[in-house]
Amino acid sequence: MMSSMVRLLNVRAITVAMIATVLFLFGCATTLVAAQEQLDLPRYSLQVPAGWSSQVDGERWMLYPSGGANELGIAPVGTGLQLGETLTRADAHRQLWASALSSRQVLQANPTQQDKDDLGRQWTVDSAIIQEAGTPYLLLLSVVELAGRAEGFLTVGTPSALERHQKSIDAVLNSVRPREPAKTQAARMREKAPVFGRPSPLGTSGPGRLTGVWTATTHELRYGTTGLANKPVVSELILFADGTALWGMPGEGLLGFDRTAYRARWPERWGAYTARDKQVIVTRGKEERLYAVLQDGVLEHRYIEGGKERTGERFIPRPSLDGVRLDSEVRRKDHWPAPGNASGLGTLKGLSFSRDGTFHDDKLMWIVSPDREGESKEAHEARVLPGQGHYRFEHWTLVLEYDDGRVNRVGFVATDREQPMKGAILNGYPIEPNPY
């Protein structure tokens with residue numbers, strides 16, 4: 001990756017003894033450890049070339065040819081920068097380069113170059129001759145995006161050492177791989193356990209008791225951009241094994257659901273039910289409604305009007321998608337651009353799932369993620385920033401574990417019996433794959 005850069009830097013007046021000193025000033029470590037094939041660091045791992053040594057102290061580290069610490073060294077610049085809407089990759093690159101240069105005198109600067117490694121990742125490479133304590137030395141900064149962060153790697157050395165060890169330098173940079181945070185690793189280990197073996201937050205069904213999540217779709221007059229119109233409205237009904245009923249899915253789903261705290265905050269959403277002889281009576285406030293239990297667990301409202309039995313809304317059981325893996329992008333309903341809409345007006349990107357268990361969120365959590373009690377606006381906005389990581393479905397909850405350590409949960413109820421991912425409700429917001 002750097003060989004062309006080395007040829008551009010035709011510098012001879014570099015003092016060998018300054019190399020280790022310069023890397024130390026940029027934050028290399030001071031505790032020597034034995035050379036190893038792989039170096040596991042907090043945010044990423046990398047390979048130590050054969051015949052090289054390493055020094056490591058937390059997030060600080062340095063690699064150098066054994067016996068050649070005064071000729072060549074590689075070290076990180078700081079702890080990287082989190083990318084997002086407020087910090088682009090170009091901005092992060094400029095900040096890392098400014099940090100590498102600091103206030104030191106630049107004797108010769110070279111044009112920024114772009115290069116790709118064996119994985120197709122884009123690297124930005126800057127180089128300069130900088131004078132430190134009256135002595136010039138060659139400095140190269142290589143920046144790449146890892147797990148949503150811009151990471152900078154500093155190489156300092158003599159031209160001859162850089163040319164001699166070019167393959168090893170390239171091998172080190174090519175070997176860099178993002179690591180999952182410890183919290184995410186623990187979660188991944190938990191995920192290996194059979195999710196169906198975990199205790200259900202609804203309890204266990206028994207005689208006279210039902211458990212599950214149902215939805216009913218009704219139509220109500222709502223104001224829209226074209227005035228009054230009949231709009232579909234999805235209602236959720238949750239039945240617990242102890243005879244408790246809850247109207248509406250909690251914003252963060254049922255995984256780890258704290259019933260006591262939720263009931264104290266939303267007492268009007270709670271009721272009770274009794275079940276017998278293929279009938280369920282659900283009470284909410286002073287109102288009782290009778291539902292017939294049909295085939296496949298459908299609950300159909302039955303009532304008497306004009307001396308005749310009539311039917312009302314039908315609640316359809318919605319199983320949790322525990323263990324399901326997806327491969328599509330979903331957006332809030334009506335946020336997909338209709339054919340012919342090239343302006344982008346009225347559209348907003350969503351979240352993409354992959355079958356390997358990873359996701360990339362552009363804006364969906366910003367729309368659907370519920371506020372947490374006591375959470376400030378700033379904290380909420382930081383929590384729902386775009387990012388990527390691993391996902392899973394468990395107990396009607398979509399769990400997103402980001403590579404940067406964040407965790408978001410949102411209630412997830414699939415609304416299509418035959419194709420569970422054709423549509424779903426996240427915290428009251430309908431989502432769908434591309435309908436066009």
Side-chain angles (χ1 to χ4, degrees), residues 200-203 205 209-222 230-241 243-255 257 259 262 266 268-273 275 278-285 287-303 311-324 326 330-334 350-351 364 367-370 393-399 409-433 435:
S200 170
L202 305 182
S205 299
R209 290 290 181 256
L210 298 176
T211 62
V213 175
W214 287 258
T215 67
T217 301
T218 57
H219 287 78
E220 300 179 8
L221 279 176
R222 297 285 181 93
N230 269 317
K231 297 288 186 180
V233 177
V234 177
S235 302
E236 296 143 343
L237 173 63
I238 304 172
L239 302 182
F240 295 83
T244 303
L246 173 62
W247 300 85
M249 174 65 66
E252 292 198 338
L254 295 178
L255 180 63
F257 180 48
R259 289 175 58 179
Y262 194 80
W266 308 105
E268 71 279 5
R269 298 183 181 181
W270 293 85
Y273 76 93
K278 297 293 183 178
Q279 292 183 335
V280 178
I281 299 175
V282 182
T283 303
R284 186 180 185 185
E287 181 185 9
E288 284 190 355
R289 287 201 172 196
L290 184 146
Y291 294 87
V293 181
L294 306 182
Q295 189 176 5
D296 298 329
V298 173
L299 306 180
E300 184 177 72
H301 182 208
R302 299 283 177 87
Y303 61 99
T311 60
E313 76 272 9
R314 302 179 73 187
F315 279 93
I316 300 173
R318 304 300 188 188
S320 180
L321 301 184
D322 293 9
V324 171
L326 310 175
V330 293
R331 299 186 183 185
R332 181 178 169 181
K333 194 175 180 66
D334 300 328
L351 184 148
L364 189 61
I367 299 171
V368 307
S369 186
F393 296 100
E394 187 174 357
H395 296 317
W396 296 274
T397 307
L398 169 61
V399 183
R409 296 181 179 181
V410 62
F412 188 103
V413 181
T415 54
D416 189 292
R417 299 184 69 183
E418 303 301 326
Q419 303 178 64
M421 268 313 298
K422 188 175 181 180
I425 303 295
L426 271 70
N427 189 29
Y429 295 91
I431 65 166
E432 62 181 357

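Count residues from 1 along the sequence.
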**Student:** Kindly write out the residues that satisfy salt bridge (Lys or Arg N to Asp or Glu O under 4.0 Å) with E236, not counting sequence neighbours, or none if the list is empty.
**Tutor:**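 Here no residue qualifies.
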**Student:** Between W396 and M249, which heavy-atom pair has the shortest distance, and what is it?
**Tutor:**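 Smallest heavy-atom distance, with atoms named: CB-CE, 3.7 Å.
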**Student:** So, using ring-ring contact (aromatic ring centres under 6.0 Å, His included) as the criterion, who are the partners of F257 when residues are at least two apart?
**Tutor:** Y262
**Student:** Show the nearest heavy-atom pair for residues A414 and L321, with the distance to one decimal.
**Tutor:**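 Scanning both residues completely, I find the closest heavy atoms to be CB-CD1, 4.3 Å.
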**Student:** Measuring from atom CD1 of I238 to atom OG1 of T211, what distance do you get when rounded to the nearest 0.5 angstrom?
**Tutor:**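 One gets 11.5 Å once the value is rounded to the nearest 0.5 Å.
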**Student:** Can you tell me how far CD1 of I431 sits from CG of D334, rounded to the nearest 0.5 angstrom?
**Tutor:** 13.0 Å
**Student:** Kindly write out the residues that satisfy ring-ring contact (aromatic ring centres under 6.0 Å, His included) with Y429, not counting sequence neighbours, or none if the list is empty.
**Tutor:** none
**Student:** According to side-chain contact (heavy atoms from CB on, under 4.5 Å), who are the partners of P430, at least two apart in sequence or on a separate chain?
**Tutor:**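 Per chain and number, P430 pairs via side-chain contact (heavy atoms from CB on, under 4.5 Å) with K333, I425.
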**Student:** Among all residues two or more places apart in sequence or in another chain, which pass the salt bridge (Lys or Arg N to Asp or Glu O under 4.0 Å) test with E268?
**Tutor:**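 Here no residue qualifies.
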**Student:** Which heavy atom of R318 sits nearest a heavy atom of T215, and at what distance?
**Tutor:** NE-OG1, 2.7 Å
**Student:** For residues H395 and D322, determine if any side-chain heavy atom of one lies less than 4.5 Å from a side-chain heavy atom of the other.
**Tutor:** yes
**Student:** Only counting residues at least two apart or in another chain, list the ones meeting side-chain contact (heavy atoms from CB on, under 4.5 Å) with T244.
**Tutor:** F240, D242, R259, R263, W270
**Student:** With sequence neighbours excluded, tell me which residues meet salt bridge (Lys or Arg N to Asp or Glu O under 4.0 Å) with E288.
**Tutor:**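 None.
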**Student:** Provide the closest heavy-atom pair for N427 versus S369 in the form atom of the first, atom of the second, distance.
**Tutor:**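 Where N427 meets S369 most closely, the heavy atoms are ND2-C, 4.2 Å.
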**Student:** Please step through side chain to side chain contact (heavy atoms under 4.5 Å, CB included) for the pair H301 and T311, ending with a clear verdict.
**Tutor:** CA-CA 6 Å; H301 182 208; T311 60; over 6 Å; no
**Student:** Holding to side-chain hydrogen bond (donor to acceptor under 3.5 Å, both in side chains), I want the full list of residues that pass it with R332, two or more places apart in sequence or in another chain.
**Tutor:** none
**Student:** What's the spacing between L299 CG and L237 CG if we round to 0.5 Å?
**Tutor:** 7.0 Å
**Student:** Would you compute the distance between atom CZ of F412 and atom CG of L426 and round it to the nearest 0.5 angstrom?
**Tutor:** 5.5 Å
**Student:** Mind listing the closest non-hydrogen atom pair of G212 and L202 along with its distance?
**Tutor:**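 Heavy-atom minimum between the residues: N-CD1, 3.4 Å.
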**Student:** Nearest 0.5 Å, please: how far is OG1 in T283 from CD1 in I281?
**Tutor:**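 Reported value, rounded in 0.5 Å steps: 7.5 Å.
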**Student:** Can you name the salt bridge (Lys or Arg N to Asp or Glu O under 4.0 Å) partners of R302, sequence neighbours left out?
**Tutor:** E300, E309
**Student:** May I have the step-by-step check of side chain to side chain contact (heavy atoms under 4.5 Å, CB included) for L290 and Q279, ending in yes or no?
**Tutor:** CA-CA 7 Å; L290 184 146; Q279 292 183 335; 3.9 Å; yes
**Student:** Under the rule for side-chain contact (heavy atoms from CB on, under 4.5 Å), what residues qualify as partners of A272, not counting sequence neighbours?
**Tutor:**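 Checked A272 against side-chain contact (heavy atoms from CB on, under 4.5 Å); zero matches.
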**Student:** Given side chain to side chain contact (heavy atoms under 4.5 Å, CB included), test L326 with F393 step by step and report yes or no.
**Tutor:** CA-CA 10 Å; L326 310 175; F393 296 100; 3.6 Å; yes
**Student:** Rounded to the nearest 0.5 Å, what separation is found between the CD atom of E313 and the OG1 atom of T217?
**Tutor:**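 E313 atom CD to T217 atom OG1 measures 10.5 Å (nearest 0.5 Å).
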**Student:** I want to check something: taking the side chain as every heavy atom from C-beta on, are L239 and W214 in contact at a cut-off of under 4.5 Å?
**Tutor:** yes
**Student:** Specify the closest pair of heavy atoms between P317 and G297, including all atoms of both residues, with the distance to one decimal.
**Tutor:**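 Closest heavy-atom pair between P317 and G297: CD-O, 3.7 Å.
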**Student:** Under a 3.5 Å cutoff, is there a donor and acceptor pairing between the side chains of R409 and T397?
**Tutor:**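 Short answer, no.
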**Student:** Could you tell me whether R314 sits above the aromatic face of Y291, with NZ or CZ closer than 6.0 angstrom to the six-membered ring centre and within 45 degrees of the axis?
**Tutor:**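 The answer is no, since R314 fails at least one limit relative to Y291.
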**Student:** Short question: side chain of T415, backbone of G423 - any donor-acceptor pair under 3.5 Å?
**Tutor:**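 Yes.
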